[in-house]
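Note sheet for the following structure.
A, B, ... follow the sequence lines: proteins, then strands. Residue 1 opens every chain.
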Amino acid sequence: MEWVVWVYDTAIGEYKDREAIWIWSIDSDGEYYLIIDPNFRDYFYIDSKYIGIRKLNQILRMELGNLYRDIEVNEVTRKLYGVEHIFYKVSGGFEAVKKASDVLSKKVGEGIYEDDIRPSQKYIMDMNLNPCGWYRFKVSNVTTIDNVSIGVLEEFTPIEERPHPEVRVLSVDVILGSRYGEPDPEYDQVLGIVTYNGENVNNYLLDGNDYNIIRLLETDVSRVDPHVIVGFELNQYIWPYLTERLKKLRRGLKIGKIGGEAHQSVLGHFSVGGRVNIDLKEYVDDLPIFQRKTLEELAGYMKMDLPEYAIDKYLYYDYWSRDREKLIKYVEWRVKAIYNTFKGLEDHIFVLSNITGIPPDYVFTASSGRQAEYYIMKIGRRHGEVTPKVSLRRYRTYPGGLVLNPKPGLHDNIAVIDYKSMYPSIMIKYNISPETIVKSSEGNVVYFDEIGYGVRSDVRGLIPTILEELIRRRDEIRSRLKSLDPSSREYKLLDARQRVLKILANTMYGYMGWIGARWYSYEGASIVTYLGRRTISLSIDKAKELGLNIIYGDTDSIFVDYNIDLINELIEWVSDTLGLEAKIDKVFKKILFTEAKKRYAGLTEDGSIEIVGLEYVRRDWCDYAREAQYVIVKNLLEGASKDKLLDLFRDFVRRLRRKEVDIRKLIIWEQITRPLSEYKVNAPHIEVAKRLSQEGWRIKKGMFIGYIINKGSGPLYKRAVHYTKADPNYIDWDYYIYNQLLPAIVRILSPVGISEKTLESIARGGGVGLDMFV
DNA sequence: TGGGGCCGGGG
DNA sequence: GTGTACGGCCCCA
């Protein structure tokens, strides 16, 4: 029989009492298919440098007992960091191979590779069966269990580029709360579970025993039978809580296909057999544009309606006790937002999964470094590369990009010239890869005296090869996009593809400098940044020689007077002499610099305001000061008079002095970056977190603490209170005038000659007369 | 008063 | 758990 289906996961399952690869898939109507491949053999490599074949077989025979019959050893040639080695490939049944690698790790220790990659992932990479792609499967022995058609794999062929089928989605959110701070699954029942399938919201509220509502969730899942279950904080919070609640009853959470229970899997994500479990929190965690990592930010980004009342989890229990309606309304908004956000992101998720080979389940759980690594592993083996082990290394820093001191003040018509993908281009041009770096200048080597390493030019590195391929694939897609209708399905999918390829290319340099990388290269990363510094310095020299006035520069960019002829000459020189591509990135009609690097505000040619590094973009400044800075700098750039700017400032001061500001705009947000006990200093957010901790909240790394400064004496950390406990009568309004608003405005007005003294006197109420008395 | 701890953001 | 460079706050000696 032949099935044309879209694969969404591979897993280790069973066939006739033996472990087998299970390939979960659906057809264009969303019907389930499970294709079983009983023939895939797990394997690992052992380097022949560390053991002879005779000894190897002897150990395996002695230690494996009956499982030995299930093992095969073959001599193969593979590359390790580009160098050919003779390996023994030990393959066989999953259990036997696992036992064999355990035994050899103990007896030989070194030289064992790929025993740390799960068979289901090896299957994806070796068979080139990428998740979230279409395939034509030939199967036999077809049966049906529940509504899943099951068949045994004969063979398969890929079907290129067909949009993914419409997936059934169920979003889930829960109400967890406790009188005593953080809800504890040991004592605190689940208060409510809310689901949404795109049409109906179902809310199941505690009435007696929460076991009943968890069962209702299970019933809901089995009735809706979703391909995707999506939530916010599913992996770190919701699934662990629900499974912990059920442990008392000695049962698991039954939400998988064919009776599967949710269980913890690789990288700490939860796996729901036969369904795709997606946690959107992991998506927002990865992206810096989401400052506080909230669902509201994500929903706003996706241009969705925001809730009428957002309720903080610290207040869930209060609302549950006092205003349940409002709480339920909010959580209903959440499940809808989660559902709709997923719908907006599904192309990206499926494309990212398809390209990296990481199943959609945990493509977000994997860090961007790991995503890049899976991709390298996949491409590497096509070049005969064995995947190296992560080894323990000493942490070392190395110098990064070059940053120029800006010329402070207001400038007209400034062009930003930057290098197109500077680091990837350097890595390709100079062949920089872990295996191409050498210490000596002998042989075919491009040597860099200044840092004491060179790069081999007789072999092509793996990373540059991969980068070239990424760029080539992306260019192909981009040229196809030109002839497509931007609103078409095809365009959107291809656009998602080219974006993912770009992200992967841009990740490679950072990946190589990451100590946890399998393809880590301190020297390689150092050469990349060294060449980056050299490149930008050379172009600065050339720009000066051409007579261009340089205002600023950072890593891969220079800001110069907008003289199109000279700039074109510079760009041409970069291309001819350095062999790299530079371009005009944007032009500022006005741009304001302070004395500081990495901070400026500009008005672009299309009239938009761009603010970089200043208080406005930082979450550890209160919204009120941030907004004030935006308004005033916008007016400044658009040519407002000094009087107008001072009037605006005066208004912002006045509203604070009159306590007319919504206290939510006074919250300062800071992240907890380590266990509370590891902090060496007192600081407001740490102190507030410690107090929350005493009230029963588990304060974990990565949490955001929002605080407000109250009146009183002593250091700030003693006067900071959690924002849920702030009271306008106790707030230190002066702190907000002198330590939030004033510095944010001094920063942008002092470079244009408005003195700090002038602003301070306005802040004090001077020069306004009446203000003193209101 | 200045250095260290800490945080967030730029490219 | 991708990299380094940087500014600026608060605390404390």
Heavy atoms under 4.0 Å, any strand shown: does [X] hit a base, just sugar-phosphate, or nothing?
X: A:Glu373; answer: nothing
X: A:Pro288; answer: nothing
X: A:Tyr735; answer: sugar-phosphate

Original post:
Can a salt bridge be assigned to the pair A:Lys281 and A:Asp279 using a cut-off of 4.0 Å between side-chain N and carboxylate O?
Top reply: no
Subject >> A:Arg691 with A:Glu687: basic N within carboxylate O range, under 4.0 Å >> reply: yes
Closer than 4.0 Å, any side-chain N/O of [X] to the OP1 or OP2 of [N]?
X: A:Gln671; N: B:dG8; answer: yes
X: A:Tyr679; N: C:dC11; answer: no
X: A:His685; N: B:dC6; answer: no
X: A:Lys597; N: C:dC6; answer: yes
X: A:Arg618; N: B:dG10; answer: no
X: A:Arg619; N: B:dG8; answer: yes
X: A:Arg674; N: B:dC7; answer: yes
X: A:Tyr395; N: C:dT4; answer: yes

**OP:** Name every residue in residues 705-726 of chain A that has at least one heavy atom under 4.0 Å from any atom of DNA chain C, in order of residue number, or write none if there are no such residues.
**Re:** A:Pro715, A:Leu716, A:Tyr717
Original post:
Which nucleotide in the list B:dG10, B:dC7, C:dT2 gets nearest to the side chain of A:Val612?
Top reply: B:dG10
Subject >> Six-ring centre of A:Tyr522, A:Arg396 cation under 6.0 angstrom, axis tolerance 45° >> reply: yes
